[in-house]
Amino acid sequence: MSNDYTIDTDKARLNVPMIQQFLSQDSYWAQNVPLDVVKRSIENSLCFGVYQNEKQVGFARVITDQATFAYLADVFILPEHRGKGLSKQLIETISNWPSLQGLRRWVLATRDAHTLYEQFGFTALDKPEIFMQRKLIERY
């Protein structure tokens, strides 16, 4: 990763309007998500910002108890910064984050980035028959 790029967990640095704009307009998983929902999700997650100098160019958050479980969500790098290894560096940073070590299970959902996550030990669910979901009507 270039010296121009950094990753940190300082929520004060996050460009929340940019995150909401990307998620609501450019992602396939959070179309039309309102700003208040994005703000609440950030407040209640461990968040990672990717920055080129002071400009935010990427994001990810981990929903976790920091003891047994983590759900990796909302991972993105802005299109103009892709192809530079930033997503790999982001997932590596998250995977090695001190408070996330020793968890029993990590999960995520992806439509198109399986090869990225496989590099960090993610696989298909080993017992999908035991996992359940409660899917409510879309709010946005």
Side-chain angles (χ1 to χ4, degrees):
M1 183 160 72
S2 164
N3 290 339
D4 290 346
Y5 292 94
T6 57
I7 298 171
D8 73 37
T9 58
D10 181 359
K11 289 182 184 179
R13 288 186 73 189
L14 293 173
N15 181 340
V16 177
M18 181 278 292
I19 295 167
Q20 187 268 338
Q21 186 277 327
F22 182 90
L23 292 175
S24 69
Q25 297 177 26
D26 300 324
S27 77
Y28 63 82
W29 63 90
Q31 286 288 299
N32 302 312
V33 64
L35 183 59
D36 68 305
V37 172
V38 173
K39 286 179 178 178
R40 246 186 4 259
S41 72
I42 288 170
E43 289 169 9
N44 294 295
S45 300
L46 176 59
C47 298
F48 294 81
V50 181
Y51 303 91
Q52 181 182 37
N53 301 314
E54 294 303 312
K55 181 184 177 203
Q56 187 174 357
V57 301
F59 177 74
R61 66 188 182 94
V62 180
I63 305 156
T64 182
D65 60 8
Q66 298 187 33
T68 62
F69 181 81
Y71 181 87
L72 180 58
D74 295 338
V75 179
F76 70 86
I77 301 295
L78 293 177
E80 59 271 25
H81 295 274
R82 293 178 186 163
K84 300 177 182 181
L86 296 174
S87 59
K88 260 174 111 166
Q89 186 64 40
L90 177 58
I91 303 306
E92 182 175 357
T93 298
I94 293 168
S95 296
N96 292 325
W97 199 253
S99 66
L100 300 176
Q101 299 311 297
L103 302 180
R104 187 172 55 204
R105 185 176 307 272
W106 287 72
V107 295
L108 61 82
T110 185
R111 184 169 71 187
D112 57 3
H114 296 80
T115 56
L116 168 65
Y117 297 113
E118 287 168 352
Q119 296 173 60
F120 298 94
F122 286 90
T123 62
L125 292 175
D126 57 348
K127 295 183 180 183
E129 69 278 4
I130 69 171
F131 283 87
M132 296 179 72
Q133 70 178 6
R134 180 177 178 213
K135 188 172 182 179
L136 303 177
I137 296 170
E138 299 292 328
R139 293 184 347 169
Y140 41 83

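Predicted model only: the values in this text are computed from it and were never measured. In what follows, every heavy atom counts, from backbone to side chain, and hydrogens, waters and symmetry copies are set aside.
Of the inter-residue distances, the one linking Y71 atom OH with T64 atom OG1 reads 13.5 Å to the nearest 0.5 angstrom. Distance check, rounded to the nearest 0.5 Å: OG of S41 to CG of L23 gives 7.5 Å. Summarising the geometry, atom CZ belonging to F48 is positioned 9.0 Å from atom CG belonging to L72; distances are rounded to the nearest 0.5 Å. Between atom CD of residue E80 and atom CD of residue Q52 there is a gap of 9.0 Å, rounded to the nearest 0.5 Å. Taken from OG in S87 to CD in E92, the straight-line distance is 11.5 Å, to the nearest 0.5 Å. With rounding to the nearest 0.5 Å, the separation of SG in C47 from CG in D74 is 8.5 Å.
One hydrophobic cluster, built from ILVMFWY side chains closer than 4.5 Å, holds both L78 and I42. Both L14 and V37 belong to a single network of hydrophobic side chains, linked directly or stepwise wherever heavy atoms of I, L, V, M, F, W or Y lie under 4.5 Å apart. Under a hydrophobic clustering in which Ile, Leu, Val, Met, Phe, Trp and Tyr are joined whenever their side-chain heavy atoms come within less than 4.5 Å, directly or via other members, M18 and L35 fall into the same cluster. Linking Ile, Leu, Val, Met, Phe, Trp and Tyr residues whenever their side-chain heavy atoms come within less than 4.5 Å places V107 and I63 in a single cluster.
In terms of modelled atom types and a separation under 3.5 Å, the side chain of Q89 and the main chain of I91 share no donor-acceptor contact. At least one donor-acceptor pair under 3.5 Å links the side chain of R82 to the backbone N or O of I77. The main-chain N or O of V38 is never found under 3.5 Å from a side-chain atom of Q20 such that the two would form a donor-acceptor pair. T68 places no side-chain N or O within 3.5 Å of a backbone atom of L103 that could act as its donor or acceptor partner.
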Would you list the atom pairs, donor with acceptor, under 3.5 Å between side chains in residues 113-128 and any protein atom, with sequence neighbours excluded?
from	atom 1	to	atom 2	distance (Å)
Q119	OE1	K88	NZ	3.2
Q119	NE2	T115	O	3.2

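For K11, the NZ atom sits in a packed shell: over 12 heavy atoms of surrounding residues, nucleotides or ligands are nearer than 6.0 Å.
What you find for Q56 and G49 is that their closest heavy atoms are NE2-CA, 4.1 Å. The two atoms that bring D8 and R13 nearest to each other are OD2-NH1, 2.6 Å, heavy atoms only.
Side-chain contact between W106 and L100 is present, with at least one heavy-atom pair separated by less than 4.5 Å.
Residues forming a side chain to side chain donor-acceptor pair (under 3.5 Å) with T9 (at least two apart in sequence, or on another chain): none.
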**Report entry** Steps toward side chain to side chain contact (heavy atoms under 4.5 Å, CB included) verdict (R61, I19)
**Finding:** CA-CA 11 Å; R61 66 188 182 94; I19 295 167; over 6 Å; no
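Ring geometry for F76 against F59 counts as tilted: the plane angle lies between 30° and 60°, on a 0 to 90° scale.
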